[in-house]
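Structure, as structure tokens:
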Amino acid sequence: MDTPAAQERTHERFRDRLAAAAGTEAADLERVAEQVALHLHENGQEPDFEVRTADFATDPFFVCADRYWRRRFADSPSTDTASACARWIARHTTPGCRSAVREQWTLGNGFINRSHVESREQLDEAARNLVGAPEAADTALTVLLYHAGKLRANFAFDDLNAVLTTSALAAVAGRHRDEPVILALRAFAAFGSRALTTEHARGLLERAWEAAHCSRHVMDVCLNGLAFSVPFDGQGELLRRLAREAVDAHPENHMFRFRLATAHHLCADHDEALAHVDAALALLAHHGTFSRELLMEQYLVKRDAIQEARLRAAREAEHEARWRRQEAANADLERTVHSSSVRAVELVAVFTSAIAFAVGSLQVTLSGTLKLRERLWLLTALGAVLSVFALIVVGGTWLITRRRSRGGN
């Protein structure tokens, strides 16, 4: 076993290597950080340096610490490891980045180790062990977020809500229960739960989103909850508005682009959805995240769904246009048939009057002893009566069909 002096020299050498990696290409920075983290983990040593940012792109110290704790959690995905991580964060991170580091490691490692979910009894025991310990509230917050990350990844909405609101860990966390990240996780749970209302979920979301310290992770959890919510009126529009705000604040974040694509998909704006999911895929290709393959598969599945919905909408639009054309043709045919029927009735009335006049005039002309003048008056009267009859029939038909036509319009 190395002496303390030898360990200090080793740590000093690692600090120098990491400092030299700053400003290098992303692949080189990742390689150096991974090597140092592996050596520390294999030798049972925790990183002995300060982390000042939560930037994966430029900070080799943060990347190294992240890789180290990922290995620790993978070896032992328990509340004990989360407590040890909380103590390390308290000693080795600056206050300005502490919340971001805690959220990244707890939620991220919770997702990775989502298959290992501890029981409520184990969580209660962990809470009892923290009572009276230094920085108990901060440590409880870390353990609570780590377990919440597992439940979130498993979409265990009701269990997540119970842990965040009624567990002993939540009680020990005390003042941290109103942290934006806790509110965001509660909103996530409420959106997915069938036992809680949408109004309750939206209230929690607004409190988290409008908080003074609304971090990237808080935004991500809020958008995640909206995307997987039990459907409600205005869901797509709300997700689109908030995702747009998140993209404006973090334009290089591929997940926010993906959430914006999901929002446009929910709003049936398929062209915009396709453009944003392609942008998310392009951004993901430039990030060396450990879950890139998993995320890429998720994004491609969404892209296929958008394409399918886009094609279906185009077919439906074509069918709608065809149906409208057919409906217009049917209406024209109906008007034509109706008009023809009316004209037929009018023609029959006129034709009947003409026949009646002809028969009547023949009887008057060929029989009887009336004088010529009397016969002419009789024929005139007969013609007048039959003409009035024809006009009444034609006029009544026109009046009836006119009213019906107006009622149809």
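No hydrogens, no waters, no symmetry mates; every other heavy atom, side chains included, goes into these values.
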Determine all donor-acceptor pairs shorter than 3.5 Å in which one atom belongs to a side chain in residues 126-135; sequence neighbours excluded.
residue	atom	partner	partner atom	Å
Asn129	ND2	Glu125	O	3.3

For residues 29-59, the ring-ring contact (aromatic ring centres under 6.0 Å, His included) pairs (sequence neighbours left out) are Phe14-His39, Phe49-Phe61, Phe56-Phe62

So the ring-ring contact (aromatic ring centres under 6.0 Å, His included) pairs with at least one residue in residues 112-151 (sequence neighbours excluded) are Phe73-Tyr146

[Y] backbone acceptor or donor facing [X] side chain under 3.5 Å:
| X | Y | value |
| --- | --- | --- |
| Arg114 | Phe111 | yes |
| Asp59 | Asp55 | no |
| Thr81 | Ser76 | yes |

* Could you go step by step and tell me if Arg120 and Thr166 meet the side-chain hydrogen bond (donor to acceptor under 3.5 Å, both in side chains) rule? -> CA-CA 11 Å; Arg120 189 65 175 264; Thr166 64; 3.2 Å; yes

Under a 4.0 Å threshold between the charged nitrogen and the carboxylate oxygen, would [Y] count as salt-bridged to [X]?
| X | Y | value |
| --- | --- | --- |
| Glu25 | Arg31 | no |
| Glu50 | Arg15 | no |
| Asp66 | Arg70 | yes |

Nearest non-hydrogen partners of [X] and [Y], listed with the distance:
| X | Y | result |
| --- | --- | --- |
| Ala90 | Arg98 | O-NH2, 3.6 Å |
| Ser193 | Asp158 | OG-OD1, 2.5 Å |
| Leu18 | Val32 | CD2-CG1, 4.2 Å |

Please determine, by modelled atom types, if Tyr68 and Arg72 share a side-chain donor-acceptor pair under 3.5 angstrom. yes

Any donor-acceptor N or O pair under 3.5 Å, side chains Thr94, Arg52:
no

Could you tell me if the side chain of Ile182 sits less than 4.5 Å from the side chain of Leu141, heavy atoms only? yes

The salt bridge (Lys or Arg N to Asp or Glu O under 4.0 Å) partners of Asp80 (sequence neighbours excluded) come to none

Given the options Met255, Arg257, Met296, Leu284 meets side-chain contact (heavy atoms from CB on, under 4.5 Å) only with Met296

Carefully, step by step, assess Val51 and Trp88 under the rule side-chain contact (heavy atoms from CB on, under 4.5 Å).
CA-CA 10 Å; Val51 171; Trp88 191 93; 3.7 Å; yes

Residues passing the side-chain contact (heavy atoms from CB on, under 4.5 Å) test with Gln122, sequence neighbours excluded, are Glu118, Ser119

Residue pairs meeting salt bridge (charged side-chain N to carboxylate O under 4.0 Å, His left out), one or both in residues 88-97, sequence neighbours left out, come to Glu46-Arg91

